[in-house]
Amino acid sequence: MTSQQTVALIGLMFSLVSVVLSGWFSVRTAKMGHRLRIEAERRKDEETAIKAAEKVYEPLAQAAAELQSRIYNIVETGWVPLVKRYESHGDYAVTSTAFLFAHYFGWIEARREAVLSSSGKGRRDESVQQLIDGVTATLRRSESGDGFLFFAAEQRAIGELMVSWEFIPDSTTRLPHVDGYAAFTKRYRTDEDFRAWFAPVDAGMGKVSEGDNRRLIEIQRALVALIRELDPSNRYTFGYELEPIDLSEIGSVAPAEKAPRFPGKVHA
């Protein structure tokens, strides 16, 4: 082989190596670019889910705060004094208590739908979901009868009955609407099928009137934990002390004999 042939062969080999390396780097660059795009989309999806969930944090925190406040007041004063306080307003005590449970379930459903309509899990929202699951689990189990006992499917069903969606004109954005007290009351008093969903409240009132507050205490403490995660700075729930009921203080005095001590706002 002549020197010219050798030089030509070496040049060809370098060319082949260059082509191979160029192809390898191109494939590697394409794969890295693909992974980066996927990662960017994943992060965007998570941010979208988080933002979707956070849109209902304020009304959800407020609904949970109002419910826990009513529970606290019932435990502190007793059910009978509460009924007497509102006896001039007919069935307000029972109806408004049922509403506060329904309102909470409505905003839970609104949050769930908001997250599902977006993409991604929203990892920062997982801690909120865990505490929501804790409230759900507390409401669906009981070792002391069926008072305030809502199975998970029943909680979802009530939430679905309470929430509707309003689309913003000329956009794909939709906003949740959860029925207020006026709409709820009309339906609660005229629709027997709707009212039947709240039999656990009626059963619970019977137990509370006998001085059995165990279920309410468990629910209130689970709600407070959720509210603290939803609104750690009290931005949405300003005016509520949001203290879990001290188990050591309950039961030493009959509910009807205890002096009223309301934490923050009282749901009238």
Side-chain angles (χ1 to χ4, degrees), residues 53 56-79 81-82 85 93 96-108 111 124-150 152 155 159 200-201 203-205 207-268:
V56 299
Y57 275 15
E58 179 177 356
L60 175 55
Q62 291 174 347
E66 290 178 347
L67 176 57
Q68 73 82 33
S69 182
R70 170 56 60 85
I71 290 173
Y72 197 111
N73 294 342
I74 292 173
V75 172
E76 285 290 291
T77 66
W79 174 243
L82 185 71
R85 182 191 306 166
S96 61
T97 300
F99 165 72
L100 292 175
F101 276 97
H103 202 232
Y104 169 77
F105 293 147
W107 281 112
I108 288 293
R111 175 197 166 276
R124 279 180 49 201
D125 193 55
E126 289 181 358
S127 57
V128 172
Q129 183 60 56
Q130 289 173 357
L131 290 166
I132 288 175
D133 291 343
V135 177
T136 299
T138 301
L139 283 163
R140 76 185 180 200
R141 69 169 182 264
S142 175
E143 298 178 356
S144 56
D146 57 358
F148 304 108
L149 176 63
F150 293 92
Q155 296 177 45
V201 174
M205 296 309 180
K207 288 190 171 294
V208 170
S209 64
E210 298 170 356
D212 186 351
N213 295 316
R214 288 173 292 176
R215 286 285 294 150
L216 285 180
I217 294 170
E218 293 173 354
I219 296 168
Q220 190 266 352
R221 292 174 68 87
L223 285 168
V224 168
L226 170 60
I227 296 164
R228 287 177 171 175
E229 182 67 27
L230 284 170
D231 186 24
S233 62
N234 262 162
R235 177 183 177 185
Y236 307 140
T237 54
F238 179 77
Y240 293 92
E241 293 183 13
L242 301 175
E243 291 296 328
I245 297 173
D246 187 347
L247 298 177
S248 66
E249 295 181 0
I250 301 302
S252 57
V253 182
E257 299 174 356
K258 299 181 78 173
R261 178 166 59 85
F262 306 121
K265 295 180 182 178
V266 177
H267 192 282

Check: [Y] main-chain N/O paired with [X] side-chain donor or acceptor under 3.5 Å:
X	Y	result
Arg140	Gln155	no
Glu229	Ser127	no
Thr97	Ala93	yes
Gln220	Glu243	yes

Do any side-chain atoms of residues 132-139 form donor-acceptor pairs under 3.5 angstrom with protein atoms, and if so which ones, sequence neighbours left out?
residue, atom, partner, partner atom, Å
Asp133, OD1, Gln129, NE2, 2.8
Thr136, OG1, Ile132, O, 3.0
Thr138, OG1, Gly134, O, 2.8

Chi angles and distances behind the side-chain contact (heavy atoms from CB on, under 4.5 Å) call for Tyr104, Glu66: CA-CA 9 Å; Tyr104 169 77; Glu66 290 178 347; over 6 Å; no
For the atom pair [atom1] ([X]) and [atom2] ([Y]), what is the distance rounded to the nearest 0.5 Å?
X	Y	atom1	atom2	answer
Lys207	Arg215	NZ	CZ	10.0 Å
Ile217	Ile74	CD1	CD1	12.0 Å
Arg221	Ile71	CZ	CD1	12.5 Å
Ile219	Arg214	CD1	CZ	12.5 Å
Leu67	Leu226	CG	CG	10.5 Å
Leu60	His103	CG	NE2	10.0 Å

Aromatic rings Phe105 and Phe101: how do their planes relate, parallel, tilted or perpendicular, breaks at 30° and 60°? tilted
Considering all heavy atoms, the nearest Tyr240-Ser69 contact: CE2-CB, 3.9 Å
So do the side chains of Tyr57 and Val128 get within less than 4.5 Å of each other, counting heavy atoms only? yes
Considering residues at least two apart in sequence or located in another chain, which fulfil the side-chain contact (heavy atoms from CB on, under 4.5 Å) criterion with Ala61? Leu230, Asp231, Tyr236, Thr237
Walk me through it: do Gln68 and Leu242 pass the test side-chain contact (heavy atoms from CB on, under 4.5 Å)? CA-CA 8 Å; Gln68 73 82 33; Leu242 301 175; 3.5 Å; yes
Output all residues satisfying salt bridge (charged side-chain N to carboxylate O under 4.0 Å, His left out) with Arg141, sequence neighbours left out; order by chain, then residue number. none
